[in-house]
A.B. asks: 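Before I ask anything, here is the structure I am working with.
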Amino acid sequence: MLEKHYDHQAIESRWYPAWEENKLFSSKVDPTKKPFTVVIPPPNVTGMLHMGHVLNNTIQDILIRYKKMNGFNTCWVPGMDHAGIATQTMVEKNMRKQGIDPDSLTREEFLEKVWNWKHDFGGLIIRQLRRLGSSCDWDRERFTMDEGLSNAVLTMFKHLYDKGWIYRGKYIVNWCPALQTALSDDEVERSEEDSSLWHFKYPLVEGDGHLVVATTRPETMLGDTGVAVHPDDERYKHLIGKKLLLPIVNREIPIIAHTHVDPAFGTGCVKVTPSHSKEDFEMAMDTNLEFLTVMDKRAIMNENAPEAFRGMDRFKARKAVVAKMEELGFLLKTEPHKVAVGRCYRTKDVVEPYLSEQWFIKMEHMAKRALDVVLDGKIKLHPERWVNVYRHWLENIRDWCISRQLKWGHRIPVWYCGDCGAQTCSVELAEACGTCGSKNIEQDPDVMDTWASSWLWPFSVFGWPEKSEDLAYYYPTSTLVTAADIIFFWVARMVMSGLEALDEIPFDQVYFNGIVRDLQGRKMSKTLGNSPNPLDVIDKYGADALRFSVVYNTPYGEDTRFAEASCDLGRGFCTKIWNANRFLQMTFEGVTPDDNWREAEGDIVARWILSRLHSTIDGITEELENFRLANAASRIYNFFWSELCDWYVEFLKPLQREADEAGRAVMLGRTQAVIDTCLRMLHPFMPFVTEELWHHLDDRHEGRYLVQQDWPKLNRDLIDTEIEDAMSAIQALISGTRAVRKSYNLPNNAHFHLYLYAAPSQIRYIEEMKPILLKLAGLEDYTVLEENAAPQGCTAINVKGMSAYLDLRGHLDIEAELGKIDAKIAKINKEMKPLEGRLKNKGFVDKAPAEVVDKARADLEELKRQVDTLSQTREDLQKLGQA
RNA sequence: GGGCGAUUAGCUCAGUUGGUAGAGCGCUUGCCUUACAAGCAAGAUGUCAGCGGUUCGAGUCCGUUAUCGCCCACCA
């Protein structure tokens with residue numbers, strides 16, 4: 001027997017271990033079945049479960065369980081990302097806390113500390129995912145730094161290197177001074193910040209003329225090696241090739257022409273600092289300007305800067321330069337100006353464009369292919385609008401800077417020969433120069449961008465570059481579920497690498513889930529403290545409640561607003577499902593269910609609930625196939641609560657009391673089957689409570705699990721609109737009678753007599769429902785009228801397609817009743833107006849489809865009939881009052 | 001500067017071929033009716049952001065404006 005109260009903690013802690021021990025989530029190659037493969041977006045090894053993970057993983061779990069129930073060989077591969085920067089930063093911080101200077105350690109010592117940290121504290125999030133119910137194949141858990149994946153990374157590097165698509169060179173990169181490493185373009189977050197635009201006067205060497213340059217970065221002027229103007233700018237054309245004397249440093253610098261310059265902005269003259277600006281770098285390359293680096297790796301002014309500024313941090317230097325220029329009379333004006341400042345996505349330090357030697361991957365060819373497969377529809381993005389974003393990025397892609405000046409990561413597999421100077425690229429540790437054979441070689445100290453491992457994830461987890469059986473079977477994967485903020489970092493690059501390494505797309509569908517926000521619409525973040533800890537929420541409400549609530553409230557591809565209290569919805573639903581099952585157990589205690597009932601047979605109640613059930617199966621399946629998870633959740637919620645519990649169960653109560661033993665056995669069998677179907681549909685959303693209840697439903701479920709069962713099969717023949725309409729009318733009679741009782745403040749034991757006038761076909765259904773109708777509406781009896789004329793002292797209730805009158809004699813306040821009837825008539829008249837208007841409109845009658853016009857006519861007729869019924873009641877009442 | 005999304009009941013959101021607006025929570029009222037008070041029953045609530053257009057008919061399609069949010073971008 002089920003406990004009186006639904007205890008989510010007991011249930012959830014029981015089932016997950018059972019699932020895991022029975023290897024329900026493990027997948028093996030099986031050529032007789034179609035695979036459905038999902039690779040998890042690997043969370044950072046440093047990560048903790050947050051609401052974003054809850055949403056993302058719940059969606060994946062729903063898809064996996066749904067597909068498994070549909071006969072697919074599902075495989076959800078879990079794992080983690082080594083998260084180069086995040087992890088290294090965290091470990092360094094811990095070391096400093098313990099009084100250890102990370103820089104005092106050798107690379108090997110440092111890496112050992114990181115691995116130790118990973119072993120002791122890393123991967124918490126993977127264990128937390130189990131609490132959520134995630135049906136990952138844990139035997140397949142991978143880590144981007146494990147041996148196999150590292151091998152994949154190096155193999156891919158060598159592949160691209162040999163192809164000539166990887167190169168090393170001195171370019172301006174995004175440099176994080178706090179981390180002292182290069183970053184890719186994507187790792188830079190731009191934000192508009194208040195600053196100033198300073199106008200500096202640069203005097204001409206010859207004569208006493210000058211040019212005025214405007215800059216937002218005065219400190220870089222110490223590294224200026226030229227000033228650029230637009231070649232067609234009439235104001236300055238004659239000065240091109242002339243020299244200026246750079247103030248403070250007193251260096252002669254040329255005036256050059258370049259089309260990058262916008263004559264309309266500022267003064268039309270741009271100071272050029274090739275070593276500290278990407279645009280200036282390009283202009284310098286085109287015009288052979290000199291390069292002068294005036295900052296070091298920490299963004300502190302170096303020996304190339306005038307002595308007075310050396311050792312100053314860049315922001316201090318900015319102030320000092322401005323002050324000096326003002327002192328020298330070269331500062332013309334300072335105006336407020338908004339600038340797009342780039343900040344490191346990890347440290348938030350201002351990113352410095354910095355000239356340094358880095359490794360790059362040529363993206364052009366891979367980008368082209370990756371774009372084509374999406375534009376061709378070979379890969380489908382959901383929602384589709386992301387195609388535009390994807391396309392824009394790929395069409396404007398730049399080479400990917402993949403080297404990082406960190407220790408934690410995959411080392412660049414290139415060795416430099418101390419003798420002949422050649423480079424050797426090798427997947428295995430090189431022992432000698434590939435060109436001259438010298439043993440005097442040294443490996444590049446840099447490691448690769450974290451994404452250089454994650455972009456291989458969909459196939460590296462299956463053993464690539466080995467041609468494994470797993471790879472052949474599971475790749476390409478099926479659906480990728482991820483947040484859109486990594487569409488460039490990750491999604492686009494996986495498409496590129498998949499096509500490049502295997503000549504096949506990595507997945508055929510991508511579903512982008514939104515962001516979880518707080519109720520004010522703010523992104524959840526640690527600093528705001530507006531994010532509930534999912535584990536606390538699971539403790540309090542249960543994983544099922546959390547999952548269901550989040551999914552129910554998250555529209556297709558949109559952001560969602562969440563507060564802990566949102567979980568009331570899911571928790572309430574769990575309780576409802578629980579109690580419905582308790583009802584069944586208690587009411588039919590001792591009854592052995594008869595499973596030999598026929599779907600198409602049975603009374604109106606039976607056929608009605610099956611009709612509604614199959615409509616629901618149809619709807620939910622359709623919604624799930626289209627990633628409309630919230631709609632699917634809402635359909636099952638409404639069916640279970642509003643139809644199954646509120647009506648069907650209420651019908652069942654009197655029915656089973658009247659029935660004989662055989663009848664009860666069939667009733668139980670049928671109702672169990674309906675509940676069983678509901679539990680199957682609910683299972684992907686709420687795996688724990690459904691599993692528990694399913695095992696209580698039938699002893700034969702022992703040793704079997706819901707996720708192994710078939711998804712409910714739709715039988716359209718069971719959807720019967722005639723029955724559904726008849727039932728709606730009966731429901732309207734019941735609700736209408738209750739409403740009358742309520743509006744007169746009459747007690748529940750005040751039983752009315754009902755008069756009905758309706759088509760024989762309708763009366764037949766009502767006859768069949770008679771005991772239920774009398775019981776639920778609180779009627780003493782009803783009389784079927786020969787013609788549509790109610791006895792005196794009645795009030796009409798609105799039921800579509802029939803006339804119904806309640807005998808109120810003895811309870812009646814005539815004046816009040818007349819008022820009520822007038823109000824009702826007024827309301828209906830108001831509803832009739834637009835219908836009449838449309839039908840009078842010739843355009844509507846002529847042009848609208850016949851069925852729409854017919855419906856309008858029928859609706860109007862129905863309303864007219866209702867008014868007639870009410871008017872007649874009104875007359876009768878008036879007579880009664882006068883009598 | 002370019003692009004995208006959102007705007008529907010007090011709150012969170014449905015509303016997919018255009019046919020005249022719904023749910024949950026909250027609110028009002030009455031009920032501890034032997035599944036469930038985390039419940040049941042009955043009820044109130046909207047110029048579908050504004051303006052214009054297409055159409056017989058627009059929450060739905062087109063244009064435009066506003067507010068909020070996001071993404072991209074070398075105007076120093």
Side-chain angles (χ1 to χ4, degrees), chain A residues 2 4-6 172 190 197 213-217 220 228 260-273 277-283 337 339-340 353 383 385-386 388-389 392-393 396 484-485 487-488 514-515 517 519 521-523 545 549 552-563 565-566 568-569 571-587 626 628 630-631 634-635 637-638 641-642 645-646 649-650 653 734-736 738-743 745 747-748 831 834-835 837-838 841-849 851-853 855-856 859:
Chain A
L2 289 169
K4 185 160 173 26
H5 293 288
Y6 155 63
I172 295 280
R190 307 235 165 235
L197 187 63
V213 298
T215 181
T216 54
R217 305 219 38 211
T220 63
H260 271 358
V261 180
D262 175 6
F265 184 86
T267 58
C269 303
V270 183
K271 59 187 267 321
V272 183
T273 322
S277 152
K278 186 174 271 177
E279 304 79 66
D280 294 4
F281 174 85
E282 286 165 12
M283 290 197 278
H337 189 71
V339 281
R385 64 184 135 88
W386 289 108
N388 287 333
V389 178
H392 185 262
W393 188 72
N396 296 283
D485 57 351
I487 183 170
F488 309 136
I515 300 170
R517 302 178 175 278
L519 289 185
R522 299 174 305 177
K523 203 168 167 171
S549 306
Y552 185 97
N553 281 311
T554 304
Y556 171 71
E558 297 291 341
D559 292 351
T560 184
R561 291 173 192 229
F562 179 86
S566 309
D568 285 335
L569 175 95
R571 181 169 60 178
F573 193 35
C574 287
T575 306
K576 191 72 183 178
I577 299 166
W578 185 263
N579 280 308
N581 281 271
R582 275 187 75 224
F583 161 80
L584 209 59
Q585 272 198 348
M586 293 166 78
T587 309
N626 290 299
R628 312 282 167 149
N631 300 24
S634 130
R635 277 178 193 261
Y637 182 94
N638 288 331
W641 201 307
S642 307
C645 291
D646 288 351
V649 165
E650 293 307 314
K653 286 176 184 173
I734 294 168
S735 295
R738 287 168 175 168
V740 167
R741 181 180 290 109
K742 178 91 181 182
S743 75
N745 279 321
N748 290 340
E831 285 175 34
L835 281 172
R838 277 200 280 164
N841 185 332
K842 205 164 170 308
F844 174 71
V845 179
D846 291 348
K847 292 184 184 173
E851 57 202 61
V852 174
V853 179
K855 185 178 180 297
D859 287 351

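Numbers restart at 1 for each chain; the letters A, B, ... are given by sequence-line order, proteins then strands.
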A.B. asks: Do you know which two heavy atoms are closest between A/L2 and A/W578, and how far apart they sit?
C.D. replies: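 Closest approach of A/L2 to A/W578: CD2-CH2, 3.6 Å.
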A.B. asks: When you measure from the side chain of A/P555, which nucleotide among B/rC40, B/rC13, B/rU20 comes out closest?
C.D. replies: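 The answer is B/rC13.
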A.B. asks: Taking any heavy-atom pair under 4.0 Å as a contact, classify A/P849: base, sugar-phosphate, or nothing.
C.D. replies: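 Base, at least one base heavy atom under 4.0 Å.
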A.B. asks: With respect to the side chain of A/H337, which nucleotide from B/rA76, B/rA23, B/rA38 is positioned closest?
C.D. replies: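 Looking only at heavy atoms from C-beta outward on A/H337, the closest nucleotide is B/rA76.
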A.B. asks: Counting side-chain heavy atoms from C-beta on, which of B/rC75, B/rC40, B/rA76 comes nearest to A/D262?
C.D. replies: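 Within the option list, the nearest is B/rC75.
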A.B. asks: How would you label the contact of A/S634 with the nucleic acid (heavy atoms, under 4.0 Å): base, sugar-phosphate, or nothing?
C.D. replies: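 A/S634: no heavy atom of the nucleic acid under 4.0 Å.
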A.B. asks: Could you check how far CZ of A/R571 sits from P of B/rC36, rounded to whole Å?
C.D. replies: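 The distance from CZ of A/R571 to P of B/rC36 comes to 18 Å, rounded to the nearest Å.
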A.B. asks: Classify A/Q585 by what it touches in the nucleic acid, base, sugar-phosphate, or nothing, heavy-atom distance under 4.0 Å.
C.D. replies: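 The residue A/Q585 makes no contact with any strand.
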A.B. asks: Can you tell me, in whole Å, how much space there is between the C1' of B/rG22 and that of B/rG59?
C.D. replies: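 Rounded to whole Å, the distance is 12 Å.
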A.B. asks: Can you see which heavy atom on A/V213 is nearest to which on A/K271, and at what distance?
C.D. replies: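 Between these two residues, the closest heavy atoms are CG1-N, 4.0 Å.
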A.B. asks: For A/Y637 and for A/F265, locate the closest nucleotide of RNA chain B by heavy-atom distance; then report the residue assigned to the nucleotide nearer the 5' terminus.
C.D. replies: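 Closer to the 5' end of RNA chain B: A/Y637.
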A.B. asks: Expressed in whole Å, how much space separates the P atoms belonging to B/rG63 and B/rA21?
C.D. replies: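 Taking atom P in both B/rG63 and B/rA21, they lie 26 Å apart.
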A.B. asks: Please classify the nucleic acid contact of A/R190 as base, sugar-phosphate, or nothing, using heavy-atom distances under 4.0 Å.
C.D. replies: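 No contact at all - A/R190 keeps every heavy atom at 4.0 Å or more from the nucleic acid.
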A.B. asks: Could you grab the distance from atom NE2 of A/H5 to atom CG of A/N579, nearest 0.5 Å is fine?
C.D. replies: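 Taking NE2 in A/H5 and CG in A/N579, the distance rounds to 9.0 Å.
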A.B. asks: Tell me what A/G514 touches on the nucleic acid: a base, only sugar-phosphate, or nothing, going by heavy atoms under 4.0 Å.
C.D. replies: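 A/G514: no heavy atom of the nucleic acid under 4.0 Å.
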A.B. asks: Which nucleotide wins on minimum distance to the side chain of A/F488, given the candidates B/rA76, B/rG19, B/rC72?
C.D. replies: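 Looking only at side-chain atoms, A/F488 lies closest to B/rC72.
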A.B. asks: Pick base, sugar-phosphate or nothing for A/R838, based on heavy-atom distances below 4.0 Å to the nucleic acid.
C.D. replies: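 Base, at least one base heavy atom under 4.0 Å.
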A.B. asks: Calculate, to the nearest 0.5 Å, the distance between atoms OG and OH belonging to A/S566 and A/Y552 respectively.
C.D. replies: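 These two atoms lie 12.0 Å from each other.
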A.B. asks: Using atom P in both nucleotides, what's the gap between B/rU28 and B/rG10 to the nearest angstrom?
C.D. replies: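 B/rU28 and B/rG10 have their P atoms separated by 16 Å.
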A.B. asks: At under 4.0 Å between heavy atoms, what does A/V649 touch on the DNA or RNA strands: base, sugar-phosphate, or nothing?
C.D. replies: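 It contacts base atoms.
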A.B. asks: Using a heavy-atom cut-off of under 4.0 Å over every strand shown, decide if A/K4 touches base, sugar-phosphate, or nothing.
C.D. replies: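 Touches sugar-phosphate only.
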A.B. asks: Looking at every strand, decide which applies to A/C645 at a 4.0 Å heavy-atom threshold: base, sugar-phosphate, or nothing.
C.D. replies: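 It contacts base atoms.
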A.B. asks: Looking at every strand, decide which applies to A/A739 at a 4.0 Å heavy-atom threshold: base, sugar-phosphate, or nothing.
C.D. replies: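 Result for A/A739 = sugar-phosphate.
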A.B. asks: Report the distance from atom CD1 of A/I515 to atom C1' of B/rG69, rounded to the nearest whole Å.
C.D. replies: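 About 9 Å, once rounded to whole Å.
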A.B. asks: Please verify the inter-ring angle class for A/F573 with A/W641; under 30° counts as parallel, over 60° as perpendicular, anything in between as tilted.
C.D. replies: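 Plane angle under 30°, so parallel.
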A.B. asks: A/N631 has a side chain; which of B/rU16, B/rG39, B/rC36 sits nearest to it?
C.D. replies: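 The answer is B/rU16, which lies nearest to the side chain.
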A.B. asks: B/rA23, B/rC40, B/rC74: which one has an atom nearest the side-chain heavy atoms of A/D646?
C.D. replies: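 In terms of side-chain proximity for A/D646, the closest of B/rA23, B/rC40, B/rC74 is B/rC40.
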A.B. asks: So if I take every side-chain heavy atom of A/R582 and compare against B/rC36, B/rC71, B/rG5, which nucleotide ends up nearest?
C.D. replies: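 My answer, after comparing the listed nucleotides, is B/rC36.
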A.B. asks: What is the distance from atom CG of A/D846 to atom CG of A/N841, rounded to the nearest 0.5 Å?
C.D. replies: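 A/D846 atom CG to A/N841 atom CG measures 9.0 Å (nearest 0.5 Å).
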A.B. asks: Using the side-chain heavy atoms of A/K855, tell me which of these nucleotides is nearest: B/rU20, B/rG39, B/rA42.
C.D. replies: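 Nucleotide nearest to A/K855's side chain: B/rU20.
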A.B. asks: Could you give the CZ-to-C1' distance, from A/R561 to B/rU12, as a whole number of Å?
C.D. replies: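 Going from A/R561 (CZ) to B/rU12 (C1'), I get 9 Å.
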A.B. asks: Can you tell me, in whole Å, how much space there is between the C1' of B/rC13 and that of B/rG5?
C.D. replies: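 B/rC13 and B/rG5 have their C1' atoms separated by 16 Å.
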A.B. asks: B/rC4 pairs with which nucleotide, Watson-Crick or G-U wobble, both distances below 3.5 Å?
C.D. replies: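 B/rC4 is paired, partner B/rG69.
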A.B. asks: Measure the distance from OH on A/Y6 to P on B/rA37 and round it to the nearest whole Å.
C.D. replies: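 Atom OH in A/Y6 sits about 16 Å away from atom P in B/rA37.
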A.B. asks: Taking the side chain as C-beta and beyond, is there a heavy-atom pair between A/Y637 and A/L569 under 4.5 Å?
C.D. replies: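 A/Y637 reaches A/L569 side chain to side chain.
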A.B. asks: If each of A/Y556 and A/K847 is mapped to the nucleotide of RNA chain B with the nearest heavy atom, which maps nearer the 5' terminus, i.e. the 5' end?
C.D. replies: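 Mapping each residue to its closest nucleotide by heavy atoms, the 5'-most match is A/Y556.
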A.B. asks: Using the C1' atoms only, state how far B/rC48 lies from B/rU8, rounded to an integer number of Å.
C.D. replies: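 Nearest-Å result for B/rU8 against B/rC48 at atom C1': 4 Å.
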A.B. asks: Distance between the P atoms of B/rU45 and B/rC4, in whole angstroms?
C.D. replies: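 Roughly 39 Å separates the two P atoms.
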A.B. asks: Could you identify the nucleotide paired to B/rG63, looking across every strand shown and requiring Watson-Crick or G-U wobble geometry with both distances under 3.5 Å?
C.D. replies: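 Because both required distances fall under 3.5 Å, B/rG63 counts as paired with B/rC51.
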A.B. asks: When both hydrogen-bonding distances must be under 3.5 Å and the geometry is Watson-Crick or G-U wobble, what is B/rG19 paired with, if anything?
C.D. replies: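 Paired with B/rG19, as far as the under-3.5 Å criterion goes, is B/rC56.
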A.B. asks: For the pair made of NZ in A/K742 and C1' in B/rA44, what is the distance, rounded to whole Å?
C.D. replies: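 The distance from NZ of A/K742 to C1' of B/rA44 comes to 13 Å, rounded to the nearest Å.
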A.B. asks: Could you check how far NE2 of A/H5 sits from P of B/rA38, rounded to whole Å?
C.D. replies: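 Taking atom P of B/rA38 as the reference, NE2 of A/H5 is at 9 Å.
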A.B. asks: Find the partner of B/rC40: check Watson-Crick (N1-N3 plus N6-O4 or O6-N4) and G-U wobble (N1-O2, O6-N3) distances, both under 3.5 Å, and reply none if neither fits.
C.D. replies: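 Pairing partner: B/rG30.
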A.B. asks: When rounded to the nearest Å, what value does the distance between P atoms of B/rA41 and B/rG46 take?
C.D. replies: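 Straight-line distance between the two P atoms is 24 Å.
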A.B. asks: On a whole-Å scale, what distance lies between the C1' atoms belonging to B/rC62 and B/rC75?
C.D. replies: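 Pairwise C1' distance, B/rC62 against B/rC75, rounds to 34 Å.
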A.B. asks: Where the side chain of A/Y552 is concerned, which of B/rA23, B/rG39, B/rC36 is the nearest nucleotide?
C.D. replies: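 It is B/rA23.
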A.B. asks: For A/P353 and A/K278, which heavy atoms make the closest approach, and how far apart are they?
C.D. replies: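 Where A/P353 meets A/K278 most closely, the heavy atoms are CB-N, 4.4 Å.
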A.B. asks: Does the side chain of A/N553 reach to within under 4.5 Å of the side chain of A/F562, using non-hydrogen atoms?
C.D. replies: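 No - every pair of side-chain heavy atoms lies 4.5 Å or more apart.
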A.B. asks: For B/rG24, which nucleotide is its Watson-Crick or G-U wobble mate, given both distances must be under 3.5 Å?
C.D. replies: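 Partner of B/rG24: B/rC11.
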A.B. asks: At 4.0 Å (heavy atoms only), tell me whether A/S735 reaches a base, stays on the sugar-phosphate, or touches nothing.
C.D. replies: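 Sugar-phosphate contact only - A/S735 comes under 4.0 Å of backbone atoms but never of a base.
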A.B. asks: Between P on B/rU34 and CE on A/M586, what's the gap in Å once rounded to a whole number?
C.D. replies: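 The distance from CE of A/M586 to P of B/rU34 comes to 10 Å, rounded to the nearest Å.
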A.B. asks: Once hydrogens and angles are ignored, does a donor-acceptor distance under 3.5 Å link the base of B/rC74 to the side chain of A/K278?
C.D. replies: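 Between B/rC74 and A/K278, which were checked side chain against base, a qualifying N/O pair under 3.5 Å is absent.
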A.B. asks: State which of B/rC56, B/rC72, B/rA76 makes the closest approach to the side chain of A/H392.
C.D. replies: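 Ranking B/rC56, B/rC72, B/rA76 by closest atom to the A/H392 side chain puts B/rC72 first.
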A.B. asks: For A/V845, answer base if it contacts any base atom (sugar-phosphate contacts may also be present), sugar-phosphate if it contacts only those atoms, and nothing otherwise; contact means non-hydrogen atoms under 4.0 Å.
C.D. replies: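 A/V845: no heavy atom of the nucleic acid under 4.0 Å.
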A.B. asks: On the nucleotide B/rC4, are OP1 or OP2 found under 4.0 Å from the side-chain N or O atoms that A/W393 carries?
C.D. replies: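 False: A/W393 side-chain N/O out of range (4.0 Å or more) of B/rC4 OP1/OP2.
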A.B. asks: Measure CZ/A/R738 against P/B/rC31 and give the value in whole Å, please.
C.D. replies: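 Result: 16 Å.
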